[in-house]
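The first residue in the sequence is number 1, and the count goes up from there.
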Amino acid sequence: FQAEDGIRDQPRSRGLGDVYKRQEYISPEYDFDENTSYLRSGHSPDIVKKLKKGFWAVQGTIDLHGLVSEEAKEYVVNFIHDCKRKKVRCIRIIHGKGYGSVNKEPVLKKKVRNWLCQKDEVIAFAEAPKHDGGSGVVLVLLKEYN
């Protein structure tokens, strides 16, 4: 881990060792529409606008390029757990645009968003601005923990 005063993980640089063995059930069939943003009920709609405008500094990043779905899910779950433990609020998940996939479509884009909707720690997420990765990146706001 390393980064902008937070954490950064490049899963491609190491295997799925003992650090990434946390099991958690996340439904692959969770019904998520393909909107570019999400807000957990009970929170102000301004949160998504603020997230898109960079109100919260990104404190951690994970890059899922080159991973298959199950590996990516493990990394996302473990990354969020580590962020919660370190009291990180805003993260960036790079899932890619699909240029390297068989059909040139983003395989992980919908799946990552699906997983995030099911994580209690996630308050909101939004597609990153074009200058920060656009449709290949999602910015995520996590709950504040004391």
Shortest non-hydrogen contact from Ile93 toward Leu116: CD1-CD2, 4.0 Å

Gly60 versus Phe79, closest heavy-atom pair with distance: C-CZ, 3.7 Å

OG1-CZ distance between Thr36 and Arg113, expressed to the nearest 0.5 angstrom: 7.5 Å

4.5 Å side-chain heavy-atom contact, Ile62 and Ile91: no

Check: Asn114 side chain, Lys110 main-chain N or O, donor-acceptor pair, under 3.5 Å: no

Inter-residue atom distance Leu139.CG - Phe55.CZ, 0.5 Å rounding: 14.5 Å

Smallest separation among heavy atoms of Leu39 and Ala124, with atom names: CD1-CB, 3.9 Å

Distance-minimising heavy-atom pair for Lys119 and Arg40: O-NH2, 2.6 Å

Distance-minimising heavy-atom pair for Cys90 and Ala57: CB-O, 3.3 Å

Steps toward side-chain contact (heavy atoms from CB on, under 4.5 Å) verdict (Glu127, Lys109): CA-CA 10 Å; Glu127 188 171 285; Lys109 180 179 179 177; 3.9 Å; yes

Inter- and intrachain pairs under salt bridge (charged side-chain N to carboxylate O under 4.0 Å, His left out), touching residues 130-141, at least two apart: Arg92-Asp132

Distance (rounded to the nearest 0.5 Å) between Ile47 CD1 and Lys52 NZ: 13.5 Å

Distance, nearest 0.5 Å, that separates CH2 of Trp56 from CG of Leu142: 11.0 Å

Side-chain touch Leu108/Ser69, heavy atoms, less than 4.5 angstrom: yes

Check: His95 and Lys111 side chains under 4.5 Å, non-hydrogen atoms: no

Straight-line distance of Tyr75 OH to Asp82 CG, nearest 0.5 Å: 11.5 Å

From Arg89 atom CZ to Glu144 atom CD, the distance as rounded to the nearest 0.5 Å: 4.5 Å

Closest heavy-atom pair and its distance - His65, Gly96: NE2-CA, 3.5 Å

Salt bridge (Lys or Arg N to Asp or Glu O under 4.0 Å) partners of Lys143, counting only residues at least two apart: Asp120

